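Take a look at the structure below.
Just so we're on the same page: letters track the sequence lines, and every chain starts at 1. Keep in mind it's a predicted model, so treat the numbers as computed, not measured.
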2 protein chains.
Amino acid sequence: MTQTTPRTSPQIAPSVGFDRHDHSHCIADAVQAAEDLCAAQKLNFTPARRRVLEILLERHRAMGAYDILEILAAEGLGAQPPVAYRALDFLTSHGLAHRIERMNAYTACAHPGEDHVPAFLICRLCKAVAEAETGLEGGRLGDAARATGFVIEKVVVEAEGLCPTCAEAEA
Amino acid sequence: MTQTTPRTSPQIAPSVGFDRHDHSHCIADAVQAAEDLCAAQKLNFTPARRRVLEILLERHRAMGAYDILEILAAEGLGAQPPVAYRALDFLTSHGLAHRIERMNAYTACAHPGEDHVPAFLICRLCKAVAEAETGLEGGRLGDAARATGFVIEKVVVEAEGLCPTCAEAEA
DNA sequence: TTATGGGTTGATATAGTATAACAGTATCTG
DNA sequence: CAGATACTGTTATACTATATCAACCCATAA
Ligand SMILES: [Zn+2]
Ligand SMILES: [Zn+2]
Ligand SMILES: [Zn+2]
Ligand SMILES: [Zn+2]
């Protein structure tokens with residue numbers, strides 16, 4: 001019994017990394033990975049936390065906390081902002097989701113459990129998000145840090161532009 | 001008469017790029033550069049816009065819109081949020097200041113007039129900000145974009161950590 | 001068993017960030 | 001002068017996020 005929450009909408013999201021894929025499968029895999037990760041770390045993967053992760057996975061898009069809250073409220077899982085923010089805090093602090101600073105939005109992590117520095121490609125039209133990898137001190141940023149004696153602890157890399165689908169539609 | 005606004009506080013900011021420097025001189029230079037840029041592009045460098053740029057330059061730190069507004073209000077330049085946001089919109093849209101997404105804050109541009117992709121090094125203790133350079137499509141992010149067919153239009157790179165001074169104090 | 005403590009939830013209130021909208025004013029231009 | 005444009009003043013509102021405290025669940029230790 002790993003499916004504790006209702007599914008009120010069909011699986012509509014078309015892309016990860018902007019590629020079509022078997023999305024029901026990708027959701028199930030990611031939820032299972034989260035389940036395993038929480039079990040291993042003795043974390044409490046509660047219904048609200050699970051459901052928020054599922055919501056993010058279903059869309060494969062950057063979503064605002066209040067967008068998520070609206071869905072939770074419709075499903076009877078809570079209607080006050082802290083409900084969404086607490087679940088998002090849990091997911092982001094344990095590497096199951098990321099915050100997109102530029103959009104005040106959140107998205108499911110594509111590599112849960114792997115310690116990594118995410119870099120995002122965000123479509124300004126459809127809000128689809130792809131997660132790439134970057135290093136903490138690579139490239140010119142690392143050069144600048146070393147040159148000045150700055151100690152990098154965390155890096156945010158977010159690119160905005162057009163995904164392949166929207167770029168084509170645009171042209 | 002390029003100095004139209006009052007100076008209510010001494011020149012206290014100690015660093016740019018985390019180096020000590022002749023700060024009064026650096027402010028004057030930057031304001032003059034802004035002046036020239038606006039003249040060349042027939043932009044209206046109004047008192048409020050000039051004063052907000054000066055405020056950002058004086059601190060050499062990331063400042064919130066409401067921090068800036070507080071100073072403007074004390075100087076009789078306006079007390080409502082749009083006053084600050086309008087000036088910041090002007091400065092950011094013409095490359096005279098940047099927004100730091102991670103902090104909901106703003107900082108003066110270190111290279112006004114030069115078309116560039118800024119990357120920021122932000123001290124989590126003293127909030128000092130250094131502006132480095134990066135490319136729009138360099139490194140692994142560009143690789144990922146090309147691999148997926150994503151068209152990058154804008155990039156945000158923000159590193160958080162400790163500046164040399166705070167790192168030393170920490171140890 | 002009860003007690004205690006940690007973590008989670010429910011609910012209210014409030015803080016912090018940003019924009020919409022519209023009237024008024026100044027300036028330029030035909 | 002009329003009309004266009006741009007900036008300012010002001011009010012109201014929207015959007016994002018956190019503080020706080022009481023209630024609850026559950027594991028564990030006295
Ligand atoms: Zn998927
Ligand atoms: Zn798109
Ligand atoms: Zn300076
Ligand atoms: Zn510092």
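- When side chains are defined from C-beta on, B:R51 counts as touching B:L72, because their heavy atoms get closer than 4.5 Å.
- Looking at B:L57 and B:L53, their side chains come closer than 4.5 Å, going by heavy atoms from C-beta outward.
- Distance CD1 (A:I68) to C1' (D:dC15): 15 Å, rounded to an integer number of Å.
- Looking at heavy atoms from C-beta onward, B:V155 lies out of side-chain contact with A:E158 at the 4.5 angstrom threshold.
- Cation-pi geometry between A:R49 and A:F90 is satisfied (NZ or CZ under 6.0 Å from the ring centre, within 45° of the ring normal).
- Separating the CG atom of B:L69 from the P atom of D:dT10 is a distance of 13 Å, rounded to the nearest angstrom.
- Rounded to whole Å, atom C1' of D:dA6 lies 12 Å from atom NE2 of B:H94.
- One side chain, B:E131 or B:H116, offers a donor N or O that lies under 3.5 Å from an acceptor on the other.
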Kindly list each side-chain donor-acceptor pair under 3.5 angstrom involving residues 76-87 of chain B, sequence neighbours excluded, with atom names and distances?
none

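- Regarding B:F90, its CZ atom lies at a distance of 10 Å from the P atom of D:dT8, rounded to whole Å.
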Checklist entry - With the sugar-phosphate defined as primed atoms, P, OP1 and OP2, and the base as all remaining atoms, what B/S/- string results for nucleotides 11-30 of chain C, 5' to 3', for protein heavy atoms under 4.0 Å? => result BB----BBBBB---------

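- Rounded to an integer number of Å, the gap from A:L77 CG to C:dG10 P is 8 Å.
- When each of B:A48 and A:D67 is assigned the nucleotide of DNA chain D with its nearest heavy atom, B:A48 is the one assigned upstream, toward the 5' end.
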